[in-house]
Protein chains: 2
Amino acid sequence: MGQQKSAPEGGTRESERRRTILRAAIDVFARKGYHGCRIADVAKEAGVAYGLVYHYFKNKDELLETVFETGWSGFISRARLVAESEGPLEEKVRRIADVAFEAYRVDPRAVKVLILEIARSPAGARINRQTAFVDVIRLSAQMFTRAKESGELRPDVDPLLASALLFGSIEMGLTAFVVGLADARDTVMLERAKAQIADSFLHGVLVPGGAPSRTEPPRSELSTAEPVRAEEPKHEAPAEVSTWKREKSGTKSKAPKRS
Amino acid sequence: MGQQKSAPEGGTRESERRRTILRAAIDVFARKGYHGCRIADVAKEAGVAYGLVYHYFKNKDELLETVFETGWSGFISRARLVAESEGPLEEKVRRIADVAFEAYRVDPRAVKVLILEIARSPAGARINRQTAFVDVIRLSAQMFTRAKESGELRPDVDPLLASALLFGSIEMGLTAFVVGLADARDTVMLERAKAQIADSFLHGVLVPGGAPSRTEPPRSELSTAEPVRAEEPKHEAPAEVSTWKREKSGTKSKAPKRS
DNA sequence: TGGTTGGCTGATTTTCGAATCAACCAGCCG
DNA sequence: CGGCTGGTTGATTCGAAAATCAGCCAACCA
């Protein structure tokens with residue numbers, strides 16, 4: 001593995017390959033899941049030789065780890081910027097939701113991987129995935145603590161929990177799209193979702209009368225026009241759920257087909 | 001997964017073994033995750049021979065599937081009962097939170113498996129863990145739709161999304177405990193968490209003044225064309241930051257140690 | 001133009017664990 | 001008692017895919 005890249009200049013060119021592979025990894029992971037794909041799939045997607053993947057990444061785990069850090073660090077730094085900025089809590093919360101949804105808009109597949117493969121990955125125990133999540137939660141918990149001190153937040157609200165709830169809402173909101181519960185192509189829907197998340201979260205958390213030192217616009221702003229779309233996104237199969245008949249005997253249950 | 005011999009009686013004795021294995025599977029999955037453990041681990045945990053696992057379960061997938069269904073079915077039926085009952089929305093929401101937290105109190109490890117293993121769906125989509133989850137969301141979405149019709153719910157709230165947010169909050173709230181962010185042994189904390197979840201969710205969703213039984217809320221639609229969001233999305237730049245520079249250094253990587 | 005370097009290749013080796021299976025044993029029936 | 005039945009065992013098999021490695025070749029230098 002030595003593969004010293006002591007050569008500083010060639011870097012760019014070299015990184016290009018590396019990035020290509022990383023990009024391919026994100027796409028493949030998003031499509032088949034981390035465990036459901038082989039390094040060969042990633043290599044093929046990237047259009048490079050199998051071995052090259054190992055030239056740039058020590059092993060499959062490191063690949064996922066890198067995908068994670070790459071995507072997550074972006075989100076975290078943006079979120080931190082917002083959380084530590086000055087301004088009313090309400091605005092911060094909305095901006096955090098913005099950050100999350102914007103990330104999704106820009107690169108839905110990357111977000112999908114983060115949410116599906118990493119956010120809940122139990123294996124994360126050993127690596128810092130969970131730690132990373134915990135970090136964001138703590139980060140925003142501080143934001144809430146400060147808001148509480150300044151009287152913007154209801155005194156009976158626990159900062160840490162509030163923080164967890166906010167991100168829980170955001171995550172689940174995104175998950176709805178990721179999983180296909182809602183149509184991700186529907187931009188309006190995305191906007192509305194973002195607004196509703198911040199909105200419903202805030203009104204349960206903010207001091208009813210409005211924060212002291214800040215004139216808050218009368219709530220609302222949501223549903224600008226557009227009647228709520230019929231609430232039944234019919235597409236997406238009903239899923240056979242209970243109908244699920246294990247059987248498949250012959251077929252090995254593992255991954256059925258590859259590529 | 002009935003498909004267990006047609007003989008209904010012998011069931012009990014035989015099931016005992018089966019249950020032991022199932023229980024062991026839950027524990028092991030909770031500890032190392034589905035992919036992170038081998039059948040051998042489950043067998044050892046259960047104190048039975050390796051081969052016996054295959055006597056009761058067709059394969060590893062079916063084992064997880066069973067764990068999953070077993071756990072979900074309980075929660076789902078309870079939740080359905082609440083969702084379809086009569087009464088004010090507020091009460092229903094609180095009871096749903098109750099159900100979730102009670103499940104956690106009774107068997108935290110099982111809940112952990114459900115929560116952590118939930119959204120990951122094998123590409124093949126053969127196992128629908130998420131389907132069960134989606135079902136609950138749809139179920140409660142119906143509850144919200146009804147509440148909306150009866151005027152209990154703000155008209156500008158999307159039922160499906162509201163449903164997702166509720167469970168997102170619950171899930172993340174529980175996750176905080178699962179992950180150790182909050183001390184799960186602290187009963188008071190659990191109670192408070194449950195209350196805060198329902199509370200903050202409700203206050204952002206319920207019609208402020210309480211719900212008259214049938215009055216279509218006159219609440220003029222939030223005027224607002226769109227003034228509010230002053231700062232608009234800050235056009236997040238490239239999602240993937242470029243901050244990454246990580247060197248592959250000697251991150252450990254694989255997980256050499258197996259128990 | 002010959003030599004050296006290093007990104008790159010992909011067949012080969014190794015690892016690893018799911019799934020199988022032949023044998024074992026306890027109870028039961030005739 | 002002896003033979004049958006079915007739960008139980010764990011070493012063995014076997015496929016899949018992770019990781020390695022012996023070189024290839026293009027670019028660059030002397």
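In what follows, every chain begins at residue 1, and chains take the letters A, B, ... in the order their sequences are listed. Both backbone and side-chain heavy atoms feed into the values below; hydrogens, waters and symmetry mates do not.
For dT12(D), neither phosphate oxygen OP1 nor OP2 lies less than 4.0 angstrom from any side-chain nitrogen or oxygen of Tyr50(B). Taking side-chain N and O atoms only, Arg38(A) has no distance below 4.0 Å to OP1 or OP2 of dA16(D). Contact between the side-chain N/O atoms of His55(B) and the OP1/OP2 oxygens of dG7(D) is found at a separation under 4.0 Å.
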Could you go through Lys194(A) and Glu191(A), starting from their C-alpha distance and side-chain angles, then the distance that decides it, and tell me whether this counts as salt bridge (charged side-chain N to carboxylate O under 4.0 Å, His left out)? CA-CA 5 Å; Lys194(A) 185 171 69 184; Glu191(A) 276 310 305; 3.1 Å; yes

Check the pair Val111(A) / Phe177(A) against side chain to side chain contact (heavy atoms under 4.5 Å, CB included), numbers first and verdict last. CA-CA 11 Å; Val111(A) 172; Phe177(A) 288 97; over 6 Å; no

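If you measure from atom NZ of Lys32(B) to atom C1' of dC16(C), you get 13 Å, rounded to the nearest angstrom. Atom NE2 of His35(B) is separated from atom P of dA18(C) by 11 Å (rounded to the nearest Å). For the pair Lys58(A) NZ and dT20(D) C1', the computed distance is 15 Å after rounding to whole Å. In this structure, NZ of Lys44(B) is placed 15 Å from P of dT9(D), rounded to the nearest angstrom.
Using a 4.0 Å heavy-atom cutoff across all strands shown, Ile39(B) reaches sugar-phosphate atoms only and no base atom.
Lys60(A) places no side-chain N or O within 3.5 Å of a backbone atom of Arg38(A) that could act as its donor or acceptor partner.
Test Ile26(A), Asp27(A), Thr20(A) against Glu45(A) for side chain to side chain contact (heavy atoms under 4.5 Å, CB included) and you get one pass: Asp27(A).
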